[in-house]
Amino acid sequence: MTIRNRINNVYRYFEPNLSIIGYLGAIGFPLYYFVWNNLFPQQYENLLLRVICGSLFIPFILKDHMPNWFSRFKDTHFVITLTIALPFFFSYMLVMNDWSIIWIMSFMTAVFLSILLIYDVYIISGMSIIGIAAGITAALSFNHVEIHNFHWGYVAVISFAYVTGIASHYRNHVHYEDQLLFARSFSAGIAHEMRNPFSSLYSSMELMLDILRQRSEQCTHNHEENINELKSIIRSNMTVINNSNETINLLLSSINEHAISKNTFQEYSIVNVIKNAVESYGYQSSEDRNLVTVRYNKDTTYFGSDILFRYVIFNLMKNALYYKGKKKF
């Protein structure tokens, strides 16, 4: 797996909780300047550096409102932000404050937080090495700080925290991946078992249609009407089977995180797709079917997938029909 893919996986893994980290970083960094500068004064503080670090977290809060070009770099921005805000910032401040107890504890907190956010061994190792090296280099090079309280035992403790934290978090992630793999395999098995009866029914209906075509040539007018009605019912059932297979494919692609290709998108009539969904839905009874009607003032088109749109309609109808008998519906 390439580094780019690893970064993308790390971002997608934590994306649902991105806003929380965004608020913590954007507010916490400048806020703690006043804690360590006024409330509990420390040897060194840097408001400008804290503001820069805090501002890097703002796109996490506004992730749904960022321009389209930013989406191509959001995973890279995520890793760069955490590298600067955690290993770089805290190692820099640790050295600048001459390895004080408060900043050793703060640095250890940053270590565990970075391990919680980044499960990938290679990414967290690279981030930590680059961030800590850059932070220590910046502190020693640009400020000519004198070190009095450093002890090599601190390095041993920090290294132990990294190794045990990464190992524990990695084991939990492997367990999660195993469960996800089992769910995918289980769903694939269910889909396979569902397709078998569908295929048998579809083949039987094709055979019935073929027989009816042959008989219709020899029948009277009344019989022909009955045959045409049977043909209509069979074709309707075949349509339901086809739509069910499409839904199975859609569910499997969602579980396996394979999005429907945009290359298949076309212009569709909204009314036609909705009508098709209403007609092909697998109703439990004729009473349920009579409850659903399609009303519209005018039609319009959209560019996208008819399968996804129909799947949305199916879900809405399924929920509505399920709850129709409940109180206060």
Side-chain angles (χ1 to χ4, degrees), residues 3-40 42 44-94 96-97 102-103 105-135 138 161-162 165-166 168-170 172-173 176-177 180 257 259:
I3 295 297
R4 178 67 183 179
N5 289 337
R6 287 182 179 276
I7 291 174
N8 184 257
N9 289 339
V10 164
Y11 176 83
R12 287 192 295 108
Y13 178 74
F14 200 78
E15 188 175 14
N17 300 313
L18 211 56
S19 297
I20 299 174
I21 292 298
Y23 282 111
L24 289 175
I27 297 172
F29 270 98
L31 176 64
Y32 264 80
Y33 171 81
F34 299 100
V35 173
W36 299 135
N37 192 66
N38 302 105
L39 193 59
F40 303 106
Q42 298 298 303
Y44 174 82
E45 260 302 332
N46 191 323
L47 179 60
L48 177 61
L49 181 59
R50 285 185 174 276
V51 170
I52 291 173
C53 290
S55 63
L56 290 173
F57 285 86
I58 294 176
F60 295 172
I61 303 172
L62 305 176
K63 62 186 179 70
D64 296 328
H65 307 285
M66 298 298 290
N68 291 332
W69 62 264
F70 182 79
S71 61
R72 291 178 293 174
F73 309 102
K74 59 185 180 182
D75 50 354
T76 305
H77 169 264
F78 173 73
V79 172
I80 291 175
T81 297
L82 294 186
T83 303
I84 295 173
L86 293 175
F88 172 80
F89 175 83
F90 282 91
S91 60
Y92 175 81
M93 296 297 289
L94 177 63
M96 293 301 297
N97 283 279
I102 285 179
W103 277 102
M105 295 174 65
S106 298
F107 183 84
M108 293 296 291
T109 302
V111 169
F112 287 114
L113 182 58
S114 60
I115 292 171
L116 285 174
L117 298 179
I118 308 293
Y119 69 85
D120 190 282
V121 176
Y122 295 99
I123 300 299
I124 185 63
S125 300
M127 284 174 52
S128 301
I129 292 171
I130 293 172
I132 293 173
Y162 262 113
I166 290 174
S168 300
H169 193 51
Y170 179 75
N172 290 336
H173 185 73
Y176 165 78
E177 289 288 344
L180 189 60
E257 299 178 355

- request: Check step by step if side-chain contact (heavy atoms from CB on, under 4.5 Å) holds for Phe78 and Ile118.
  value: CA-CA 10 Å; Phe78 173 73; Ile118 308 293; 3.6 Å; yes
- prompt: Going by the salt bridge (charged side-chain N to carboxylate O under 4.0 Å, His left out) test, which pairs reach into residues 13-35, not counting sequence neighbours?
  reply: Glu15-Lys74
field: Of all pairs that satisfy salt bridge (charged side-chain N to carboxylate O under 4.0 Å, His left out), the ones with a partner from residues 47-65, not counting sequence neighbours
entry: Glu45-Arg50
Using a 3.5 Å distance criterion without hydrogens, assess whether the side chain of [X] forms a donor-acceptor pair with backbone atoms of [Y].
X      : Y      : answer
Ser128 : Ser125 : no
Asn8   : Arg4   : no
Ser71  : Pro67  : no

Please report the interatomic distance [atom1]([X]) to [atom2]([Y]), rounded to the nearest 0.5 Å.
X      : Y      : atom1 : atom2 : value
Leu49  : Tyr92  : CG    : OH    : 6.5 Å
Leu113 : Thr109 : CG    : OG1   : 8.5 Å
Met96  : Ser91  : CE    : OG    : 12.0 Å
Ile124 : Ser114 : CD1   : OG    : 4.0 Å
Ile132 : Ile129 : CD1   : CD1   : 8.5 Å
Phe88  : Ile80  : CZ    : CD1   : 13.5 Å

Under 4.5 Å between any side-chain heavy atoms of [X] and [Y], yes or no?
X      : Y      : answer
Leu39  : Phe34  : no
Trp36  : Asn97  : no
Ile61  : Ser19  : no
Ile115 : Tyr162 : yes
Gln42  : Asn37  : no
Leu56  : Phe29  : no
Ser106 : Leu94  : no

Contact summary for [X] and [Y], nearest pair of heavy atoms:
X      : Y      : answer
Trp69  : Phe73  : O-CD1, 3.3 Å
Met127 : Pro87  : O-CG, 3.7 Å
Phe57  : Leu82  : CE2-CD2, 4.3 Å
Ser55  : Pro59  : O-CD, 3.6 Å
Asp120 : Val10  : CB-CG2, 3.7 Å
Ala161 : Val111 : CB-CG1, 4.5 Å

- request: Start with the C-alpha gap between Phe14 and Ile21, add the side-chain angles, then the distance that decides, and say whether side-chain contact (heavy atoms from CB on, under 4.5 Å) holds.
  value: CA-CA 10 Å; Phe14 200 78; Ile21 292 298; 3.3 Å; yes
query: Taking atom OH of Tyr32 as the centre, does the number of heavy atoms from other residues, nucleotides or ligands within less than 6.0 Å exceed 12?
result: no
Tyr23 and Phe60 aromatic centres sub-6.0 Å: no
message: Can you confirm whether or not the ring centre of His77 sits under 6.0 Å from the ring centre of Tyr11?
response: no
query: Do the side-chain N and O atoms of Asn46 and Tyr44 include a donor-acceptor pair separated by under 3.5 angstrom?
result: yes
Residues Asp75 and Arg12 bridged, charged N to O under 4.0 Å: no
statement: Result for side-chain contact (heavy atoms from CB on, under 4.5 Å) between Ile7 and one of Ile3, Asn9, Asn5 points to Ile3
